[in-house]
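None of the values given here were measured: they were computed from a predicted structure.
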Amino acid sequence: VGLLRTTITLKWSDGHETRYRARDLRLACRCAGCIEETSGRPLLEPSAIPENVRAKGIALLGNYAMSIEWSDGHTTGIYNFRDLRGNCPCDACAAARA
């Protein structure tokens with residue numbers, strides 16, 4: 001995983017690589033500060049997230065997820081690997097989902 005870059009690359013055990021724009025992952029945060037827990041309504045205003053937001057640190061959470069410390073100060077999001085892989089933005093994965 002590259003830190004302080006505009007792209008975060010995840011390499012999976014089957015050899016596939018998923019590349020996310022850092023800002024796209026930041027906007028996808030599903031923590032209680034970004035998504036209303038009872039309704040699922042977004043609380044995060046995309047215009048509040050800088051285009052150049054970066055991952056300052058990444059920590060593994062067991063074998064199921066990672067947390068990211070963002071350059072905008074946000075630290076409470078958990079990104080599970082199942083969703084990260086399932087939402088891979090590469091052309092092949094996008095075609096398979098279609």
Side chain to side chain contact (heavy atoms under 4.5 Å, CB included) against A65, all qualifying residues, sequence neighbours excluded: L61, I78, N80

May I have all residue pairs that pass salt bridge (Lys or Arg N to Asp or Glu O under 4.0 Å) and include part of residues 71-82, sequence neighbours excluded? R26-D72

Looking at side-chain heavy atoms only, is the closest gap between R21 and L25 below 4.5 Å? no

Suppose we screen for salt bridge (Lys or Arg N to Asp or Glu O under 4.0 Å). Which residues come up paired with E45, at least two apart in sequence or across chains? none

With sequence neighbours excluded, tell me which residues meet side chain to side chain contact (heavy atoms under 4.5 Å, CB included) with N52. P50, R54

Within the distance-only criterion (no hydrogens, no angle test), does the side chain of Y20 pair as donor or acceptor with the backbone N or O of L84 below 3.5 angstrom? yes

Approximate separation, where rounding is to 0.5 Å, of L10 CG and T18 OG1: 6.0 Å

Taking the side chain as every heavy atom from C-beta outward, state whether C88 and E17 have any atom pair closer than 4.5 Å. no

Name all pairs fulfilling the salt bridge (Lys or Arg N to Asp or Glu O under 4.0 Å) condition that reach into residues 58-67, sequence neighbours left out, sorted by first residue then second. none

Under the salt bridge (Lys or Arg N to Asp or Glu O under 4.0 Å) test, residues paired with D83 that sit two or more places apart: none

If you take all heavy atoms of A22 and V53, which pair is closest and at what distance? CB-O, 3.5 Å

Are side-chain heavy atoms of P89 and R19 found at a separation under 4.5 Å? no

Can you name the side-chain hydrogen bond (donor to acceptor under 3.5 Å, both in side chains) partners of Y79, sequence neighbours left out? W70

Can you name the residues that form a side-chain hydrogen bond (donor to acceptor under 3.5 Å, both in side chains) with N63, not counting sequence neighbours? none

What residue pairs, at least two apart or across chains, pass side-chain hydrogen bond (donor to acceptor under 3.5 Å, both in side chains) with a residue in residues 86-98? none

Run the numbers on R85 and D14 for salt bridge (Lys or Arg N to Asp or Glu O under 4.0 Å), then give the verdict. CA-CA 11 Å; R85 180 64 188 262; D14 64 0; 2.9 Å; yes

Distance-minimising heavy-atom pair for C29 and H74: SG-NE2, 3.3 Å

Could you give the distance from CD1 (I68) to OG1 (T76), rounded to the nearest 0.5 Å? 11.5 Å

Name each donor-acceptor pair under 3.5 Å that joins a side chain in residues 31-43 to protein atoms two or more places apart or in another chain, with its distance.
residue: E36; atom: OE1; partner: S39; partner atom: OG; Å: 2.4
residue: E36; atom: OE2; partner: R41; partner atom: NH2; Å: 3.1
residue: S39; atom: OG; partner: R41; partner atom: N; Å: 3.1

How would you list, by chain and number, every residue that makes a salt bridge (Lys or Arg N to Asp or Glu O under 4.0 Å) with R30, sequence neighbours excluded? none

